[in-house]
2 protein chains.
Amino acid sequence: MQPDPHTPSCNSRDAHAYHEEAHAETVLLEQQLCFTVYAVSREITKLYQPLLKALNLTYTQYITMLVLWELRETTMKALGERLLLDSGTLTPLLKKLETQGLVTRRRDRRDERSLQVVVTEAGLALQEKARHIPECLLQMVGGTPEAADDLRLRLSAALDILRNREPIINNVNDV
Amino acid sequence: MQPDPHTPSCNSRDAHAYHEEAHAETVLLEQQLCFTVYAVSREITKLYQPLLKALNLTYTQYITMLVLWELRETTMKALGERLLLDSGTLTPLLKKLETQGLVTRRRDRRDERSLQVVVTEAGLALQEKARHIPECLLQMVGGTPEAADDLRLRLSAALDILRNREPIINNVNDV
DNA sequence: CCCAATTAAATTGCGCGCAATTAAATAATC
DNA sequence: GATTATTTAATTGCGCGCAATTTAATTGGG
């Protein structure tokens with residue numbers, strides 16, 4: 001009993017329960033968790049912008065530097081796993097950071113596939129200027145570290161669920 | 001002791017309190033609320049993708065259609081206020097939806113500056129196919145509507161703070 | 001009525017994100 | 001040791017997001 005393969009089913013026995021009342025009902029944007037997360041993420045990035053502009057960094061470049069300030073030296077693969085970004089995003093980004101003199105890029109001699117990324121002296125110097133950004137952000141929104149941490153822990157749990165989703169539901173199509 | 005004028009200060013009397021312990025300390029990516037929100041947002045979008053692919057919509061096109069399914073007819077300005085997006089994003093997006101036959105675009109005769117956006121029959125028909133997406137998402141992550149709502153309300157409060165940044169401080173926790 | 005100010009969309013340019021593909025190096029298998 | 005499979009980056013292409021600018025229409029004040 002395979003449904004139209006072009007229309008993925010969510011394969012839920014409970015989906016039935018929703019069907020009746022869902023008919024002709026409107027899904028409100030503001031009641032969607034996804035939209036709220038999406039909107040919050042963009043608003044936070046806008047909040048960062050004036051602070052990061054002083055460092056001549058974008059937000060993505062900034063979080064990349066956060067990892068580099070911590071590790072001093074790493075690989076693109078490790079960076080990607082940490083930032084949840086792939087080479088399609090990181091390759092041009094790291095090249096940009098290299099032209100700005102903040103990092104160096106070179107192949108690992110042990111394994112020529114691997115790209116080593118090392119923060120430069122100028123890159124380390126930038127850490128000093130970035131030091132107060134987290135507390136500045138907190139202050140800009142008027143929140144407490146505790147409230148931010150509480151929200152972050154909840155989102156962090158959600159992120160784990162999103163990322164470690166069981167392969168059982170892996171294929172959306174196979175009912 | 002005036003700091004570098006090129007480095008915006010967060011202008012806080014309390015910032016002092018952080019200064020001592022922040023010295024030479026590493027800011028961990030995973031402890032940053034901003035990064036968690038950013039990562040969750042992207043993971044959710046990836047979760048949507050297989051479902052939206054069946055409708056031939058991107059996530060941004062989908063939330064635009066959500067508003068249009070609700071209002072049937074609106075303006076770009078109103079859409080932008082609802083979605084928190086500007087014409088730079090919406091103009092090409094709506095043109096795309098128009099070429100797909102889901103909406104029509106025309107100037108308001110009362111005010112030629114305004115662009116009216118109306119959902120077509122084909123656009124309305126698509127709502128049927130999209131009806132189960134929210135419940136599918138919930139099921140994919142194995143969460144309850146209550147847990148999702150709880151998280152959404154907290155983020156929603158955060159979003160209000162981010163957008164209306166008033167000196168009036170609302171605590172994220174007393175929603 | 002005229003002119004400046006405001007408003008709404010469109011345009012331009014840049015930097016992501018990410019799917020999909022390619023290329024090269026290494027590992028695994030026989 | 002040759003062949004195949006896997007791993008790692010780089011590349012390509014597309015669709016956002018958004019700052020900044022431009023264009024056109026409307027409004028408001030004199």
Side-chain angles (χ1 to χ4, degrees), chain A residues 34-35 37-50 52-53 55-65 74-81 83-100 103 105-117 163, chain B residues 35 37-50 52-53 55-65 74-100 103 105-117 163:
Chain A
C34 51
F35 173 71
V37 174
Y38 161 79
V40 166
S41 178
R42 288 185 293 126
E43 290 298 322
I44 292 182
T45 303
K46 285 183 208 168
L47 213 60
Y48 267 98
Q49 220 213 352
L52 294 180
K53 192 175 181 181
L55 309 185
N56 198 28
L57 292 177
T58 65
Y59 176 72
T60 314
Q61 290 164 6
Y62 167 68
I63 59 176
T64 303
M65 291 307 296
T74 183
T75 64
M76 171 175 287
K77 176 177 161 61
L79 262 178
E81 286 171 352
L83 300 168
L84 307 181
L85 294 172
D86 69 2
S87 66
T89 300
L90 287 177
T91 295
L93 188 147
L94 290 173
K95 283 182 178 176
K96 185 108 188 186
L97 291 180
E98 188 177 43
T99 66
Q100 291 179 13
V103 307
R105 296 163 67 252
R106 68 163 199 278
R107 294 287 172 176
D108 183 347
R109 285 185 185 175
R110 310 276 185 186
D111 185 344
E112 289 284 334
R113 294 170 301 181
S114 185
L115 186 78
Q116 301 215 300
V117 183
R163 298 200 53 233
Chain B
F35 173 72
V37 174
Y38 161 79
V40 166
S41 178
R42 287 185 294 126
E43 291 298 322
I44 292 183
T45 301
K46 284 183 208 169
L47 215 58
Y48 267 99
Q49 220 213 354
L52 294 180
K53 192 175 182 182
L55 310 186
N56 198 29
L57 292 178
T58 64
Y59 176 71
T60 313
Q61 290 164 7
Y62 167 68
I63 58 175
T64 303
M65 290 307 296
T74 183
T75 64
M76 171 176 286
K77 177 177 161 58
L79 263 177
E81 286 171 353
R82 194 78 177 277
L83 299 167
L84 307 182
L85 293 172
D86 70 1
S87 66
T89 299
L90 288 177
T91 294
L93 188 147
L94 290 174
K95 283 183 179 176
K96 186 108 189 184
L97 290 180
E98 188 177 44
T99 66
Q100 291 179 11
V103 306
R105 296 163 68 251
R106 68 164 199 277
R107 293 290 171 172
D108 183 348
R109 286 185 184 175
R110 310 279 186 187
D111 186 343
E112 290 283 336
R113 293 172 301 182
S114 184
L115 186 79
Q116 300 215 299
V117 183
R163 300 201 51 232

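Below, chain A is the first sequence line, B the second, and so on; all start at residue 1.
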Specify the separation, in whole Å, of atom [atom1] of [X] and atom [atom2] of [N].
{"X": "A:Tyr38", "N": "C:dG17", "atom1": "OH", "atom2": "P", "answer": "12 Å"}
{"X": "B:Leu83", "N": "D:dC16", "atom1": "CG", "atom2": "C1'", "answer": "13 Å"}
{"X": "A:Asp111", "N": "C:dA28", "atom1": "CG", "atom2": "P", "answer": "12 Å"}
{"X": "B:Leu90", "N": "D:dG15", "atom1": "CG", "atom2": "P", "answer": "15 Å"}
{"X": "A:Arg106", "N": "D:dT8", "atom1": "CZ", "atom2": "P", "answer": "18 Å"}
{"X": "A:Leu79", "N": "D:dT8", "atom1": "CG", "atom2": "C1'", "answer": "14 Å"}
{"X": "B:Leu115", "N": "C:dA10", "atom1": "CG", "atom2": "C1'", "answer": "10 Å"}
{"X": "A:Arg42", "N": "D:dG15", "atom1": "CZ", "atom2": "C1'", "answer": "14 Å"}

Give the intermediate values and the outcome of side chain to side chain contact (heavy atoms under 4.5 Å, CB included) for residues B:Leu93 and B:Thr60. CA-CA 8 Å; B:Leu93 188 147; B:Thr60 313; 3.4 Å; yes
Which sits closer to the 5' end of DNA chain D, A:Pro92 or A:Ser114, going by the nucleotide each is nearest to? A:Ser114
Assert: residue with more 5' nearest nucleotide on DNA chain D, out of A:Glu43 and A:Gln116, is A:Gln116
Between [X] and [N], is there a contact of a side-chain N or O with OP1 or OP2 at under 4.0 Å?
{"X": "A:Arg107", "N": "D:dA9", "answer": "no"}
{"X": "B:Ser87", "N": "C:dA9", "answer": "no"}
{"X": "A:Arg105", "N": "D:dT8", "answer": "no"}
{"X": "B:Thr58", "N": "D:dC16", "answer": "yes"}
{"X": "A:Thr89", "N": "C:dG15", "answer": "no"}
{"X": "B:Thr60", "N": "D:dG17", "answer": "yes"}
{"X": "A:Tyr59", "N": "D:dG17", "answer": "no"}
{"X": "A:Lys95", "N": "D:dT11", "answer": "yes"}

Which of the following nucleotides, [options], is nearest to the side chain of [X]?
{"X": "A:Lys77", "options": "C:dC18, D:dA9, C:dA25", "result": "D:dA9"}
{"X": "B:Leu93", "options": "D:dC16, C:dA9, D:dA9", "result": "D:dC16"}
{"X": "B:Leu85", "options": "C:dA25, D:dG17, C:dG17", "result": "D:dG17"}
{"X": "B:Met76", "options": "C:dA10, D:dC18, D:dA25", "result": "C:dA10"}
{"X": "B:Lys46", "options": "D:dA10, C:dA19, C:dT26", "result": "C:dA19"}
{"X": "B:Asp86", "options": "C:dG17, D:dA19, C:dA20", "result": "D:dA19"}
{"X": "A:Arg113", "options": "C:dA10, C:dC18, D:dT6", "result": "D:dT6"}
{"X": "B:Thr91", "options": "C:dA10, D:dG15, D:dA20", "result": "C:dA10"}

Would you please test A:Leu97 and A:Met65 for side chain to side chain contact (heavy atoms under 4.5 Å, CB included) and show each step? CA-CA 9 Å; A:Leu97 291 180; A:Met65 291 307 296; 3.9 Å; yes
Just wondering, do B:Leu90 and B:Val117 contact through their side chains at under 4.5 Å, heavy atoms? no
A:Gln61 vs A:Arg110, nearer the 5' end of DNA chain C by closest nucleotide: A:Gln61
Can a salt bridge be assigned to the pair A:Glu43 and A:Lys46 using a cut-off of 4.0 Å between side-chain N and carboxylate O? yes
What nucleic acid atoms does B:Leu84 come within less than 4.0 Å of, heavy atoms only: base, sugar-phosphate, or nothing? sugar-phosphate
Would you call the rings of A:Tyr38 and B:Tyr59 parallel, tilted or perpendicular, where under 30° means parallel and over 60° means perpendicular? perpendicular
Can you establish whether the number of heavy atoms outside B:Arg106 located under 6.0 Å from its atom CZ is more than 12? no
Apply side chain to side chain contact (heavy atoms under 4.5 Å, CB included) to the pair B:Leu94 and B:Leu79, showing each step before the final yes or no. CA-CA 10 Å; B:Leu94 290 174; B:Leu79 263 177; 4.1 Å; yes
